[in-house]
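Computed from heavy atoms alone, side chains included, the values below leave out hydrogens, waters and symmetry copies. Chain A is the first sequence line, chain B the second, and so forth, proteins listed ahead of strands; every chain is numbered from 1.
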Amino acid sequence: MTPCLTITNLSATLPGGARVLRDVSLDVNPGEVRALVGESGAGKSMIGKAILGVLPSSVRQVSGEIFLDGQDLGALSASKRRILVGANVALIPQDPLTALNPSRRIGSQMTDQLIKILGWNSAKAYTRIRQLLDEVQIRDRERVLRSYPHELSGGMRQRVLIATAFAAEPKLIVADEPTTALDVTVQKQILRLIATMQRQHATAILFVTHDLGVVAKISQQVTVLYGGMIIEQAGVSDLFADPQHAYTRALLRATPRYNDPDARVEPVQPDVLAGLQNELAANDHAWEKHLG
Amino acid sequence: MQRILIRLFTMLITLFGVAVVVFIVIRIAPGDPIAMMLPPGATDEDVARLRALYGLDKSLLEQFFVWFGGIIQGDFGTSISLRQDVLGLVLNRLPATLELSLFALLIALSIGGPLAIWGARERGTSIEAGIDIANGAALSIPDFLWGLVLILTFGVLIPVFGISGRVSPRLDLPFVSQFYLFESFFRLRFDLTKDLLSHMFMPALALALPLAAIISQLLKQSLKEVMDLDYVVLARVKGFSETQVILREALKNAALPTLTLIGVQFTFLIGGTVIIERLFSYEGIGNMAIDAVINRDLPLIQGIVLVFALLFVLVNLAVDMTYTLLNPRLRNA
């Protein structure tokens with residue numbers, strides 16, 4: 001089985017040469033959810049942006065390949081890549097309050113890709129969108145379609161964005177911390193909704209999060225990142241049962257458990273951080289050698 | 001509805017304020033209209049008689065109420081130098097200035113808008129730097145200097161455009177209104193449209209260039225700010241090209257701050273017509289304003305200033321209305 005996404009030795013730098021991604025390699029199989037876990041600045045969102053081709057202008061991909069269904073994205077022209085990625089990869093953004101255009105109606109924003117990029121006719125696109133609004137459990141869908149974003153709550157907007165992400169039946173969805181900006185009460189509903197939609201549509205998801213509790217609920221595979229470097233990759237049950245790296249163990253100890261509220265939550269210990277710094281330094285050294 | 005009424009009320013107060021200020025200022029300013037009208041040998045009695053004839057012997061307060069009472073009844077007084085009804089004179093000239101200003105605005109938008117979009121698409125490159133330099137040059141040269149430059153290049157060195165007047169004098173004009181350009185268009189007299197545009201092009205361009213630079217600079221800046229927002233990134237992810245993203249997602253939201261500025265700047269542009277019309281001997285209200293000031297024609301100056309004030313107020317109203325149209329969040333507010 002060809003993985004739906006393969007990344008090999010992906011490195012990206014900031015101006016000045018500091019690396020935000022260090023030789024990242026990972027696979028996502030069709031229909032599988034892989035979680036990318038790490039602290040802020042670990043590079044987990046960067047990986048998503050690199051796949052989608054929307055890296056910030058200051059960040060440059062300096063090595064590595066990204067394959068979508070076996071197709072090397074780096075071998076394509078910019079416009080071919082844009083169309084291919086647009087049709088096969090979707091994004092569920094982090095903040096539903098800023099991810100919708102304030103001056104356009106929801107219906108137009110949900111259908112524009114289907115009509116303008118994929119060439120569907122308007123009736124077919126709206127039928128599809130109505131069906132998806134039902135799936136994300138939006139009851140008064142006709143009102144929502146006519147609304148402007150400011151007329152909907154944050155949870156509603158995230159449902160709209162989830163429905164939009166599934167609309168073109170993408171092979172892969174990058175979910176970039178899709179619950180972080182929401183109220184705690186809504187977070188759980190949205191997470192459950194994404195999991196249900198993922199199963200129904202058998203869509204592969206690269207799920208970016210800093211919350212190991214979320215990882216356990218939704219994903220089959222986990223990649224732990226620190227400082228742009230992959231620390232550990234494993235199946236979710238293996239990782240929770242038998243974490244190999246000291247940092248992974250420290251992360252697990254630092255995660256509050258809702259079923260055991262009295263359990264101690266420990267910050268990541270200084271010796272673990274020192275070990276990580278050594279690994280980063282060694283990695284930098286190897287990189288400089290590689291550059292010659 | 002209530003908002004519109006409040007709006008109209010504040011407009012009237014503004015206009016009243018302008019009326020008071022202009023009335024006082026031109027009477028404080030040196031120069032006596034009566035002295036300008038009479039031959040050097042006139043006696044004191046002649047002066048006094050003429051003063052009484054124009055009501056200038058009364059107190060300032062009395063003069064103001066006579067004038068203002070007349071305005072309310074639609075009587076703006078009689079021009080001292082031209083011996084004609086002020087309202088008629090102003091209305092006769094106003095269409096020429098309106099056509100010139102609107103044409104200039106159109107030119108400014110069609111130069112500034114595409115430049116801004118191009119610059120935003122090529123942000124961070126030498127193309128954007130080039131656009132910045134061009135904007136800086138256009139902005140630092142005032143409109144009347146642009147006028148002179150244009151007259152020299154396209155009127156004298158390579159004479160392609162008319163440099164004087166509104167229309168070639170040899171042409172027969174079938175028009176019933178003073179909106180020559182509009183009327184020639186609707187009468188399908190495109191030969192006249194062409195002649196009118198040829199005369200209007202250079203003064204309009206001179207007025208438009210600084211405004212075009214401002215539009216280009218500000219719109220480009222707003223576009224660049226919008227281009228990194230989440231919904232623009234999402235549109236790129238969907239597969240839209242950079243140009244599509246700018247036109248579909250960014251432009252409408254980025255246009256709001258630019259629009260406010262265009263409103264303010266357009267009033268400056270209308271103010272600029274005074275000198276530009278003089279420069280190109282264009283028979284608009286601005287050209288008439290300069291004659292009125294030279295002749296100390298108090299009623300005519302007052303009338304012209306009031307009309308300019310009314311234009312400014314209306315432009316601001318139009319900007320507000322467009323703002324509401326572009327921003328759905330303001331509609332129910």
(request) Answer with side chain, backbone, both or neither: which region of A/Leu91 has an atom nearer than 4.5 Å to a non-hydrogen atom of chain B? (result) both

(request) Check whether B/Arg248 gets within reach of chain A through its side chain, its backbone, both or neither, counting any heavy atom under 4.5 Å. (result) both

(message) Using a 4.5 angstrom heavy-atom cutoff, name the option from A/Pro170, A/Ala168, A/Pro102 with the most pairs to chain B.
(response) A/Pro102

(message) I'd like to know if the side chain of A/Glu169 pairs up with that of A/His201 as donor and acceptor (distance under 3.5 Å, no hydrogens or angles considered).
(response) yes

(message) Is there a side-chain contact between A/Leu26 and A/Leu36 in this structure, where contact means two heavy atoms from C-beta onward sitting under 4.5 Å apart?
(response) yes

(message) Heavy-atom pairs under 4.5 Å with chain B - which of A/Gly86, A/Ala90, A/Pro149, A/Ser103 has more of them than the others?
(response) A/Ser103

(request) Before accepting this row, confirm whether a basic side-chain N of the pair B/Glu128/B/Arg121 lies closer than 4.0 Å to the acidic partner's carboxylate O. (result) no

(request) Step through it carefully: locate the ring centre of B/Phe312, locate the ring centre of B/Phe266, and say whether they are under 6.0 Å apart. (result) no

(request) Please state whether the side chain, the backbone, both or neither of A/Leu161 comes within less than 4.5 Å of a heavy atom of chain B. (result) side chain

(message) Out of A/Arg104, A/Gln109, A/Lys49, return the one with the most heavy atom pairs under 4.5 angstrom to chain B.
(response) A/Arg104

(request) Go through the atoms of A/Thr164 and report whether side chain, backbone, both or neither lie under 4.5 Å from a heavy atom of chain B. (result) side chain

(message) Quiz question: by atom type and distance under 3.5 Å, do the side chains of A/Thr223 and A/Arg34 form a donor-acceptor pair?
(response) yes

(request) Could you pull out all residues at least two apart from B/Tyr231 that satisfy ring pair (Phe, Tyr, Trp, His ring centres under 6.0 Å)? (result) none

